[in-house]
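Order of the sequence lines fixes the chain letters, A, B, ..., with proteins taken first and strands second; residue numbering starts at 1 for each chain.
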Amino acid sequence: MPGQTLFEARVQPQPFDLAAEHTRLAALGPMVGAIVSFVGQVRDTPLTLEHYPGMAERQMQAVLDEARARWPLLGAIAVHRHGSLAVGEPIVLVLTASSHRAAAFQAAEFLMDWLKTKAPFWKQAGGEWIAAKGDDDTAADRWGDR
Amino acid sequence: MPGQTLFEARVQPQPFDLAAEHTRLAALGPMVGAIVSFVGQVRDTPLTLEHYPGMAERQMQAVLDEARARWPLLGAIAVHRHGSLAVGEPIVLVLTASSHRAAAFQAAEFLMDWLKTKAPFWKQAGGEWIAAKGDDDTAADRWGDR
Amino acid sequence: MIRLLYFAWVRERIGKAEEALALEHPASLRQILDRLRTVSAGHAAALADPSRLRAAINQDFAGFDAIVHPGDEVALFPPVTGG
Amino acid sequence: MIRLLYFAWVRERIGKAEEALALEHPASLRQILDRLRTVSAGHAAALADPSRLRAAINQDFAGFDAIVHPGDEVALFPPVTGG
């Protein structure tokens with residue numbers, strides 16, 4: 001239906017369907033001119049992702065709300081997987097829809113930067129917990145606080 | 001097969017398949033950590049897109065080569081449609097794959113900015129030719145020349 | 001009473017994912033940590049260095065000066081590494 | 001001889017998508033435009049204001065000072081609006 005908006009955060013063990021999520025945003029109406037997606041996938045070595053159920057969804061939704069307050073978005077979807085993931089498997093999906101490409105690009109990059117620093121997930125590889133990267137804080141900080 | 005790269009530009013009247021193109025980049029190997037996609041779709045009013053066959057593919061490929069020289073990309077795909085397109089139909093697809101999300105995001109945004117100013121396509125709506133926007137030149141100019 | 005949740009290596013060192021702690025009056029997170037370190041050698045090891053820890057109260061990030069109230073859900077974990 | 005291609009409103013005003021033009025010696029794009037404006041009223045109208053036109057020689061963008069050689073493919077069109 002035209003004129004709707006759609007902002008949704010999910011945590012799930014199973015893979016997500018990029019095309020299906022994209023179609024949901026593409027169908028939001030005649031104002032949609034630009035849809036950006038980001039898919040993160042497991043690189044180099046298998047991972048196990050632990051998360052904080054409840055807080056994860058809550059913080060992901062808060063990050064979506066923040067993006068919505070900063071950019072003229074018509075929709076945004078964030079899906080984060082948990083559990084054991086092989087190399088090449090998708091971990092995280094972010095999609096943004098806007099009338100204009102700059103807003104869609106910036107909001108998608110913002111969502112990824114903030115999810116990396118604000119969503120309670122922890123990666124384990126080869127029995128070791130992966131340390132947080134200062135790079136991620138730097139990337140998140142460039143958006144400033146509000 | 002792992003370790004491959006894939007850089008491809010196409011012009012076509014028919015719709016593209018986001019999921020299929022995404023899968024081609026996702027399959028490039030264990031180095032792929034981030035895949036960004038951009039889909040532009042017709043907003044507000046139906047469009048007819050004219051293009052310069054030959055030059056369109058050539059300039060799109062040149063823009064891909066430029067992105068590849070600037071960022072550590074493992075792959076990039078650009079597909080641009082021509083012909084008559086209804087509201088809500090996809091016009092242009094850009095996909096980038098890299099080990100790192102910043103490179104994938106920046107390269108995708110660069111590709112869209114440069115395609116808008118360097119690919120020989122012309123949009124007509126309601127019998128009128130749409131004028132080029134200074135905004136697009138400004139967006140393209142921020143990447144500088146090399 | 002408060003509910004405590006542990007994640008990642010904090011959970012592993014403490015040896016459990018959650019537990020309850022008696023709390024009748026509001027106290028700072030720092031005071032809660034001080035108490036928890038006395039519970040077991042695992043607690044002491046996991047919570048030794050607050051600079052390596054992050055915390056949430058009722059599913060929102062909180063600093064160690066934040067006040068915990070009876071009935072709160074308190075989580076302790078390393079800096080997040082999702083995305 | 002060169003091959004000329006027109007696109008969008010340039011094509012519409014000239015009334016054709018392509019044509020050939022006799023050229024025995026290299027000439028600037030500006031000189032080619034000057035000659036084309038004398039071909040018909042449509043050519044004159046389409047090519048009146050070079051600031052509204054863009055050009056390509058052999059499928060690469062070119063300024064109006066660029067030199068056209070016999071055998072080249074020359075295209076004239078408005079600023080592009082794809083993407």
Self-check item: Per-residue contact mode, B:V39 against chain A (heavy atom under 4.5 angstrom)
Solution: both
Exercise. Flag yes if more than 12 heavy atoms outside B:Q14 fall under 6.0 Å of its CD atom; otherwise flag no.
Key: yes
Quiz prompt | B:A108 portion near chain A, given a 4.5 angstrom heavy-atom threshold | solution = both
Exercise. Sort out for me which of B:V87, B:D44, B:V42, B:T45 touches chain A most, counting heavy-atom pairs under 4.5 Å.
Key: B:D44
Exercise. Below 4.5 Å from any heavy atom of chain A, which atoms of B:V94 appear? Answer side chain, backbone, both or neither.
Key: neither
Self-check item: Aromatic centroids of A:F38 and B:F105 separated by under 6.0 Å
Solution: yes
Quiz item: If you count heavy-atom pairs under 4.5 Å between each of A:A19, A:G88, A:G40, A:S99 and chain B, which one has the most?
Solution: A:S99
Self-check item: Among B:M31, B:H22, B:R101, residue most engaged with chain A (heavy-atom pairs, under 4.5 Å)
Solution: B:R101
Exercise. Using a strict 4.0 Å threshold on nitrogen-to-oxygen distance, state whether A:E66 and A:R68 make a salt bridge.
Key: no
Exercise. Let me know if A:T96 has heavy atoms under 4.5 Å from chain B in its side chain, its backbone, both or neither.
Key: neither
Quiz item: Is B:R43 salt-bridged to B:E89, cutoff N-O under 4.0 Å?
Solution: no
Quiz prompt | Which portion of A:V32 sits near chain B, non-hydrogen atoms under 4.5 angstrom | solution = both
Self-check item: Distance flag, aromatic centroids of B:W71 and B:F110, threshold under 6.0 Å
Solution: yes
Self-check item: NZ/NE/NH1/NH2 to OD/OE distance under 4.0 Å, A:E128 and A:K123
Solution: no
Quiz item: With chain A, which of B:G33, B:P90, B:A34 has the greatest number of heavy-atom pairs at distances under 4.5 Å?
Solution: B:G33
Quiz item: Of all of B:V92, B:D113, B:I35, which one pairs up most often with chain A through heavy atoms under 4.5 Å apart?
Solution: B:I35
Quiz item: How about B:H82 and B:F121: are their ring centroids closer than 6.0 Å?
Solution: no
